[in-house]
Amino acid sequence: MRKARIQSEQVNAGKPASHDASVCLSNVSKSYGDKPAVIELSLELYGGEIFAFLGPNGAGKTTTLKITTGLLRADAGRVWVCGEDMSRRGRRAKQQIAYVPDQPFLYDKLTGREFIHFARDVYGVPTEVGEQRLAELIERLNMDSFLDQLAESYSHGMKQKVALAAAMIHAPRVLVVDEPIVGLDPRTIRVIKTIFREIADGGGTVFMCTHTLDVAEAVADRIGIINAGRLIALGTLEELRGMASAGGSLEDIFLHLTEEDGDGVPEPGET
Amino acid sequence: MSDSATVERMPGAGLWLLARCRAVQLRNLVDQHLRGAPGRTFFVLVLLVLIWAALYLLLAQILKHVHSWGLVGVVADQHLFVHFFLVLAVMLTFSNAILTFGSLYGREEAGFLLGMPLRAREVVVVKWFEGIALSSWSFLLLGVPLMLAIAHSTPVQWYYYPLFLGHFLGFVAIPACLGLLAAWTVAMWAPRRPLTIVIATGCLVILTAIYWLSNISDSALKSEEWLQVVFKQIGIVKQPLLPSTWTAKGIVSAMRQDVGQSLFYLLVVLGNGAFLSWLTVNILGRSWPEAYSRAQRGRLQPTIRRGWFTKVVCWGLFFYLPKKLWLAMLKDLRGFARDARQWSQMLIMFGLLVIYVLNLRRMPVDLDNPQFKGLVAFLNLTTVSLILATFTSRFVYPLLSLESQQLWLIELLPIRRSTLLFVKFLFALTVTGLSACAVMGLAVKMLELPTAYAWMNVSICLGICVGLSGLSIGLGARFPVLNNRNPARIASGFGGTLNLIVSMVFVSLEMAGVGWLTFNEMSKSFMFSKALSPGGWLMVAGLLSVSMLVGAGALWIGARHFERLET
């Protein structure tokens, strides 16, 4: 199978860095000791789109998300969120963004409701507005049965729901989510996909990182693929098909683009 | 889209929100304890009061003893307080550094707070307050008994109490800041394996200090003369620039009813504490995001571990085990070796004991007197047993809970659950037995105990290891905590508390027997016989039997429950 490695310069050709983008990463690099995690990554996300960030394990997806949300400092390059430079005006940038990590953090000795109220107050959402949103989220995410229990008793799925509700309470312009559907039941997955679409339709941006290619294929407007710290593909599903010179599903394209030297991954049942 | 886009909170608003969040957590915690386990809460409070009372009595006895030597001046002198506060400062600095590192540069809460539009300074201030609150526990636990013991032994005026309180609380702000700065330094410049660095440094400092102190006096002088020589030699710690010196002088002035001088030193302590706090909050407030990012860099950088050392040690210690059990043992041994909290606690505790034991002969106690010799041997065994009880309750008890959370994995292995329980027991027994028996062996050698008594001490020590390991593993299997990955929290739960209490009762029972042997037989026979009487041997056999029964009984109870456990 032909090795299809697309350089990030080619990927970004014709799309100059713009501060109008909801999220703009410009030549961002980050390494852990001697090991590069992200290499000269440039990426722009716009209002009204769901962007899925894909890549093999250890490719640099979560590091990119953490740099975007201001949790990690890039060794080189700049990050803007809604026009605010994350390294210089981090607090203003964070006011526009929300992040749900793959292992969401909740205070064990707070109930889900108390935790969401804390997030509401930190983001400065008026109480009435926050309560209205919370009521809606409780109903949609089916949280009523456990929201007043201490978070220490929650399952992973419950924590995911509460963390997502806390992230949504200030109606962020950019929602960054790492593995958004792991541990969730099919009904909640459907609800979350709908919420993502509503955010995008309302002019917001969803920046999600996932290994669940079906979900990415179903909801993403654009897809980026990162491998070994480099962005190797970027575009709509159709554009990726063209780049990879391969038809079929996103899984086929992903495997085609990210394969190392040697044989490809056989189909199930294929010998 | 975002209705919060233009929100700009007042400076300090974030601080208020964080403080309120902490208050709600504290309220929920108290409420949970009072509603969920009122009996246990009451029991813990009773234990706390007993610890306070014991400390008060101990300190009052020490002061009374010093008075009886005719060294009233020594009490009034700052020496005792200077050393007390210096040691306290070191302990609080390290405990603050370790806790702060976890909360400011760890993955969970720190990452969550950093992702929110909070000022870094607000988060740092909350952590500073938490450091102060933590340090203030030392006042409740140590300061109050000391304050009352002094008042008991020295005539003081009413203003002594508020001045003592002010000095103590003013003083604890300084180690709290030093702890924050130490954690920040490690995060900024030594992010790889930070906890190991902090703990190893702490161990090194404490052991060096203890070793230095143990070598201060090179002669076995007695009473006042010896004490004066020692104080002269350790006068270096009475540096006028050390906060411990200011606090000590302030408290001594309050005792001497010199209010003016006491207030002067109080202002010195408060002024320096305030300046250091301002400096700390500003340094950390500016650079916390950068320090957090650097700490993650170190954490995420892979550390290559070949594991050959633990493999060799495991082979040497457990060569007799079948391959499957040996592999399970290797896993536990690697967990122990790579958890700095576990080995550092063992290292500090037993390191201090070794230094003490090596200096036994230089103590101002007549060790040629059989009564004293018997008393010291008894106290040694008591100390080792209590340390073992603490260690097994804190580190051995959670082992089964942590293992049970991967019960699905265990189920797939061709090993019976009860076998796994036995492997854990053997592991705990080996670690505790080797450490404790080595120290006890050294102690009886330094005391030059007759062979029979030496064997008695070591064998009872080993028996206590069997009992305590069996209890911790057995009760750990009987009361597993399946929803928590934090060993400290597992140990502080119901089963952990019960295990600690039962362990203490068991140790008390054993030591009562040893005490009977020591004071009714051993001290007399030193002069006449080198062997124990038949009654003595019977008592030793009884104590060993109790140890075996306790250990085996707890393991049996634990194994029965563990076999049926479902997750």
Q.
Going by the rule salt bridge (charged side-chain N to carboxylate O under 4.0 Å, His left out), which residues pair with B/Arg20 if we only count those two or more places apart in sequence or in a different chain?
A. A/Asp121
**Q.** Proximity breakdown for A/Ala163 and chain B, heavy-atom pairs closer than 4.5 Å
**A.** neither
Q. Under a 4.5 Å heavy-atom cut-off, does chain B meet the side chain of A/Ile67, its backbone, both or neither?
A. neither
Q. Checking B/Leu26 against chain A: side chain, backbone, both or neither under 4.5 Å from a heavy atom?
A. neither
Q: Give, as side chain, backbone, both or neither, the part of A/Phe118 having an atom under 4.5 angstrom from any heavy atom of chain B.
A: side chain
**Q.** Region of A/Ser31 that comes under 4.5 Å of a non-hydrogen atom in chain B
**A.** backbone
Q. Can you tell which of A/Gln103, A/Glu152, A/Glu114, A/Lys94 has the highest number of heavy-atom pairs within less than 4.5 Å of chain B?
A. A/Lys94
Q.
Angle between ring planes, A/Tyr107 versus B/Phe112, binned at 30° and 60°: parallel, tilted or perpendicular?
A. perpendicular
Q) In chain order, what residues pass the side chain to side chain contact (heavy atoms under 4.5 Å, CB included) check against A/Arg88, with sequence neighbours excluded? A) A/Arg78, A/Asp85
Q. What orientation do B/Tyr292 and B/Trp288 show, parallel under 30°, tilted 30 to 60°, or perpendicular over 60°?
A. perpendicular
Q) Is a side-chain donor-acceptor pair under 3.5 Å present for A/Asp75 with A/Ser29? A) no
